[in-house]
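Here is the structure we will look at.
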Amino acid sequence: MGSAGLARTLKSLCITGHLSKAVSLLCRSPVCPGAGTYALLLQECVNRRDVRLGKRIHARMVATGFRCSAYIATKLLIFYVKIGDLGCAQKLFDGMPQRSVVAWNAVISGCARGGSAEAQERAVELFDAMRAEGLAPDQFTFASVLCACARLAALGHGRRVHGVAVKCDVGGNVFANSALVDMYLKCSCPGDAHRVFAAAPERNVTMWTAVISGHGQQGRVAEALALFDRMAADGLRPNDVTFLAVLSACAHGGLVDEGLRRFSSMSMEYGLTPRGPHYAAVVDMLARVGRLHDAYELVKNLPDCQEHSVVWGAILGACRKHGGDVELVELAARRFFRLQPGNAGKYLVLANTYAAREMWDSVAGAHEAMRALGLKKDRAWSSVEVQGKKNIFLVGDTYHDDYSAIYEVCNALASAVAEQSVRPMDGVSHC
């Protein structure tokens, strides 16, 4: 089979959904296809998030000495970003002699959505490097770097990026404005978020969802619900992400009846089918007011509850935070780990749940299961910017210059919260 024939066969296999067969044929063939065929195969791997097949294609390129054009190199870069392998993505990016805006956007987006503070900081650094090379950022660049600023709570960087967006005439773009609203709210600047929102020439569901979610996360539940109603009154239909923001807001505010009403309206008024994350939000909502039994009944009666790992994870987390008998803890753990056996975070939740009940043998068993599976959870981190200086904190660290004073304040706040949570007020016990 010649190169043209191989290309036609590989394309046919891709179109008919037989990507694995296509890659196997590619690796067995003595001839090499052209760049267009490689691009098609890589795009299919991106669409499917298929790590194994994508890496086989890359290995075949290297083994045959295929010279990647800037277009194919960018396709490979996007593949590695999509599967979360930022190390390989960075190596490819560094080795590209010419880097388009698409390539810069891919690596900035990957870092902005990475799990570590270092990845977020790298996104901001790449944004600066891109501008230093004379490339003009577009709306997708701004959306990604603002996402990193939001996760870092880096208000100074966020304001600077906002200024650049205005200079680049991207300030009126709906994607950039949605990211700006989210950034300002996560940096505790609701006034700036409102100004961006009010001045936006176009508001889509994404922007409305960002401002609803931000208010809900800050505990301003009444405003979040009012914004949801305004959006509906303006003729925009909420999507499933909007409803997730509303349900989370109701959970944080303890508005169970209101949350259940909004949850019911998803299907009855808007024709949206609730998914696992929506049920998980309702579980959290019920558990926060001590209604764990009702939460379990909700999950148990789901027609496809066996497939909702996020729901069983929510039940397990609720048992740790709000009580629950051991049988329910172990049932939720069995159901969750059957669906997600490699989730290190939930093993720690299970161990902490057992520890709260002084079941030390079970705690040891949960840690042993983690070791047997080779699981290790990344340390949680948070970040805040104070007077232009970024401060990053890891769980239990002592790296900050003022860590003693910080721990003293945190312990005092924890004691105050614990005391308030058990003190009856006006005859009502507050959680």
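All residue numbers refer to positions in the sequence shown, counting from 1.
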*asked:* Looking at Gln98, I'd like to know if its CD atom is crowded, meaning that more than 12 non-hydrogen atoms belonging to other residues, nucleotides or ligands lie closer than 6.0 Å.
replied: no

*Which residues satisfy the side-chain hydrogen bond (donor to acceptor under 3.5 Å, both in side chains) test with Glu330, sequence neighbours excluded?*
Tyr354

_Which residues pass the side-chain hydrogen bond (donor to acceptor under 3.5 Å, both in side chains) test with Arg262, not counting sequence neighbours?_
Asp229, Glu258

*Taking atom types as modelled, find out whether Gln120 and Ser116 have a side-chain donor-acceptor pair closer than 3.5 angstrom.*
no

*asked:* So that I can tick it off, tell me whether Arg122 and Glu118 are bridged by a salt bridge, with the cut-off set at under 4.0 angstrom between side-chain N and carboxylate O.
replied: no

*Spell out, as yes or no, whether a donor-acceptor pair under 3.5 Å connects the side chain of Ser109 to the backbone of Ala106.*
no

*What is the distance from atom SG of Cys149 to atom NE2 of His162, rounded to the nearest 0.5 Å?*
12.0 Å

*asked:* Would you say the ring centers of His215 and His194 fall short of 6.0 Å from each other?
replied: yes

*Considering residues at least two apart in sequence or located in another chain, which fulfil the salt bridge (charged side-chain N to carboxylate O under 4.0 Å, His left out) criterion with Arg131?*
none

*Between Phe93 and Arg99, is there a cation-pi geometry (under 6.0 Å to ring centre, at most 45° from the normal)?*
yes

*asked:* If the condition is ring pair (Phe, Tyr, Trp, His ring centres under 6.0 Å), which residues does His293 pass it with, not counting sequence neighbours?
replied: none

*Could you list all the salt bridge (charged side-chain N to carboxylate O under 4.0 Å, His left out) pairs where at least one residue sits in residues 86-98, not counting sequence neighbours?*
none

*List for me each residue that meets side-chain hydrogen bond (donor to acceptor under 3.5 Å, both in side chains) alongside Tyr38, sequence neighbours excluded, and say none if there are none.*
none

*Report, as yes or no, whether the 6.0 Å neighbourhood of atom CZ on Phe66 holds more than 12 heavy atoms from other residues, nucleotides or ligands.*
yes

*Keeping to residues at least two apart or across chains, list the salt bridge (charged side-chain N to carboxylate O under 4.0 Å, His left out) pairs with something in residues 188-217.*
Arg159-Asp192, Asp192-Arg195

_Taking ring-ring contact (aromatic ring centres under 6.0 Å, His included) as the cut-off, I'd like each qualifying pair that reaches into residues 222-241, sequence neighbours left out, listed once._
Phe228-Phe243

*Answer with yes or no after comparing the ring centroid distance for Phe197 and Trp208 against a 6.0 Å cut-off, counting only values under it.*
yes

*Are Arg288 and Asp284 ion-paired here, with the side-chain N under 4.0 Å from a carboxylate O?*
yes

_Listed once per pair and sorted, the salt bridge (charged side-chain N to carboxylate O under 4.0 Å, His left out) pairs that draw on residues 174-185, sequence neighbours left out_ = Asp182-Lys186

*asked:* Nearest 0.5 Å, please: how far is CG in Asp50 from CZ in Arg52?
replied: 6.0 Å

*Go through the structure and list residues passing ring pair (Phe, Tyr, Trp, His ring centres under 6.0 Å) with His58, not counting sequence neighbours.*
Tyr80

*Mind checking whether Arg261 and Ser265 have side chains closer than 4.5 Å, heavy atoms only?*
no

*asked:* Could you go through Asp128 and Arg160, starting from their C-alpha distance and side-chain angles, then the distance that decides it, and tell me whether this counts as salt bridge (Lys or Arg N to Asp or Glu O under 4.0 Å)?
replied: CA-CA 11 Å; Asp128 293 335; Arg160 181 169 56 81; 2.9 Å; yes

*Taking only residues two or more places apart in sequence or in another chain, which ones pass side-chain hydrogen bond (donor to acceptor under 3.5 Å, both in side chains) with Thr242?*
Thr209, Asn239

*asked:* Tell me every residue that passes side-chain contact (heavy atoms from CB on, under 4.5 Å) with Pro274, counting only those two or more places apart in sequence or in another chain.
replied: Phe263, Met266, His278, Tyr279

*asked:* For Ala136 versus Met130, what's the shortest heavy-atom pair and its separation?
replied: O-CE, 3.9 Å

